[in-house]
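A short write-up of the structure that comes next.
Treat the numbers as computed from the prediction; the structure is a model and nothing was measured. We count ligands from 1, going down the list as the structure has it; atoms in each ligand are counted the same way. All heavy atoms count here, side chains included; hydrogens, waters and symmetry mates do not.
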Amino acid sequence: MTIIPVSGAGFQTYDVVVGRGLLGQAGQRVAPLARGRTVIVSDETVAAIHGEALRASLEGAGVRSEMVTVPAGEASKSFAQLERVLDRLLEIGLDRRDVVVAMGGGVVGDLAGLAAALYMRGVDFVQVPTTLLAQVDSSVGGKTAIDTPRGKNLVGAFHQPRLVLADIDVLATLPEKQLRSGWAEVLKHGLICDAAFFDWLAGEGAAGAMGDPTALERAVVRSVEIKAAVVGEDEKEAGRRALLNLGHTFGHAIEAELGFEEAALAHGEAVALGCCMAFRYSARLGLCPTADAERAEAVIKAAGLPTRLDQAGAFAADRLLALMAGDKKAEGGALTLILAHGIGQAFVAKNVDADRVRAFLIEEGAAG
Ligand code: NAD
Ligand code: GLY
């Protein structure tokens, strides 16, 4: 088991605990924060598989719990589900000393975190991430949000959790597509700032993508260390935190065009493809060695993740460009992209020329 503290100037330090069998320890770890009562927010799939274990652990430590579930899937990051969750918290009579426990993937963490930020002007919440993506990324750093028909994550708040419990054992029930999707975010961390970690992920660590718990634990620990360091420096994304968006501007545009549907690309798959595109674009501009872009692509491909636009569908360059410019990382209409000087050397590129990106998208197979 490893405990990684997340500290920053603007928030109370909290621990991310990574290890095996943590669901069974949730009660003893949450009890000091909960003063007697919690509401678990989960999705129907996760609640059916792991809900009872969490409830039993909480009750064993003398912590009462209520369960609120939402349908599984991105569509639950909506005003309608946010209102439903908040209404249930009011109905239950949660007070400001009680704790919301978000048990699930990034969808539940983002939705329950936002509900906790808004309820009575903010109550404490604990993240129990059950997807690899949530363990390595969304449960750490305090970004919470819902989607609107105008785009993803456009309504939200920074609200840091008080504790994160990342139990590697819960990943055993995760569908393979979701495991791969989370692996993309792990690879992303190596690509951003840790070439040695990327080497390990490409070699010995690759077993994690197949579900090996020892490799997964090491991959989660290193990813959380990287994310904790970035968030500690720049909680509100004034600068360095934007690096964590490597692959996201291309990826979000592709996801948006596909409609964020269950049958379409999982979030991490879109990020994997976006990372490949960011590296290829960096190489095309002469900013990054072509060999690094090719290696990034080969390792992502070996993990069973998409690397080429045509694997995701057919796209029009203008449409993707418009979606990229509408991404909330765009500043004053100018395109901001995360590019790279090489593996482990990502940087924020502002005022990127839209025409060059359009030409690149056509080279990548989008219709002109
Ligand atoms: P998700 O929450 O939809 O979970 C994926 C699927 O796996 C769901 O059907 C869920 O029911 C199921 N599932 C979850 N845990 C399981 C388990 N242990 N066993 C079996 N099934 C399980 O998706 P996700 O990929 O975890 O998260 C994606 C979301 O995260 C997106 O909305 C994205 O915007 C958000 N996100 C947020 C941040 C952030 O910093 N807040 C960062 C990255 C991504
Ligand atoms: N996933 C990007 C961030 O947390 O900033």
Side-chain angles (χ1 to χ4, degrees), residues 6 23 41-51 53-54 69-78 81 102-114 117 127-147 151-154 156-161 164 166-186 188-189 192 211 216 223-224 226-228 230-231 233-249 251-252 255-256 260-262 265-271 274 328-329 338:
V6 187
L23 222 50
V41 180
S42 191
D43 74 32
E44 286 158 7
T45 305
V46 175
I49 305 173
H50 297 294
L54 180 60
T69 59
V70 298
E74 185 71 27
S76 282
K77 277 177 56 172
S78 64
Q81 289 300 334
M103 180 177 66
V107 164
V108 161
D110 281 10
L111 175 70
L114 182 56
Q127 291 266 22
V128 181
T130 65
T131 62
L132 180 58
L133 179 141
Q135 295 193 353
V136 300
D137 191 353
S138 60
S139 65
V140 181
K143 279 189 182 175
T144 74
I146 56 168
D147 306 330
K152 223 169 118 67
N153 296 329
L154 293 180
F158 285 96
H159 188 54
Q160 299 289 342
V164 182
D167 185 346
I168 300 300
D169 288 339
V170 302
L171 302 179
T173 61
L174 199 58
E176 200 186 314
K177 182 179 171 81
Q178 297 301 334
L179 192 70
R180 273 201 308 271
S181 172
W183 196 252
E185 302 280 2
V186 173
K188 180 196 80 176
H189 286 125
I192 291 170
L216 277 171
S223 290
V224 171
I226 289 170
K227 183 146 189 190
V230 173
V231 168
E233 235 177 83
D234 177 24
E235 183 198 8
K236 301 276 167 68
E237 201 170 307
R240 189 168 160 71
R241 184 163 180 170
L243 294 177
L244 297 175
N245 297 323
L246 176 66
H248 282 63
T249 303
H252 272 173
E255 279 185 283
F260 300 111
E261 283 160 13
E262 283 296 309
L265 286 191
H267 176 70
E269 291 177 315
V271 167
K328 67 186 186 309
K329 285 173 280 298
I338 310 305

Quick one: does Lys152 get an N or O within less than 3.5 Å of an N or O on ligand 1?
-> yes
Please identify which atoms of ligand 1 are closer than 4.0 Å to at least one heavy atom of His50.
-> 18 (N)
Report yes if some N/O of Lys227 lies less than 3.5 Å from some N/O of ligand 2; otherwise report no.
-> yes
Looking only at distances, please establish whether an N/O atom of ligand 1 is found under 3.5 Å from an N/O atom of Thr144.
-> no
Using a strict cut-off of 4.0 Å, indicate which atoms of ligand 2 neighbour a heavy atom of Lys143.
-> 2 (C), 3 (C), 4 (O), 5 (O)
Quick one: which of Glu74, Gln127, Glu255, Glu44 has a heavy atom closest to atom 32 (O) of ligand 1?
-> Glu74
Of the protein's non-hydrogen atoms, which lies at the shortest distance from atom 5 (O) of ligand 2, and what is that distance?
-> Arg241 NE, 2.7 Å
Leu171, portion touching ligand 1 at heavy-atom distance under 4.0 Å | neither
Give the atoms of ligand 2, by number and element, whose distance to some non-hydrogen atom of Asp137 is under 4.0 Å.
-> 1 (N), 4 (O)
Quick one: do Lys152 and Glu74 make a salt bridge, cutoff under 4.0 Å?
-> yes
Any N or O on Gly104 sitting closer than 3.5 Å to an N or O of ligand 1?
-> no
Can an N or O of Ser181 be found at a distance shorter than 3.5 Å from an N or O of ligand 1?
-> no
Are Lys227 and Asp137 ion-paired here, with the side-chain N under 4.0 Å from a carboxylate O?
-> yes
Logged contact type for Asn245 with ligand 2, heavy-atom cut-off 4.0 Å, is side chain
Is Lys188 in polar range of ligand 2, meaning some N or O pair under 3.5 Å apart?
-> no
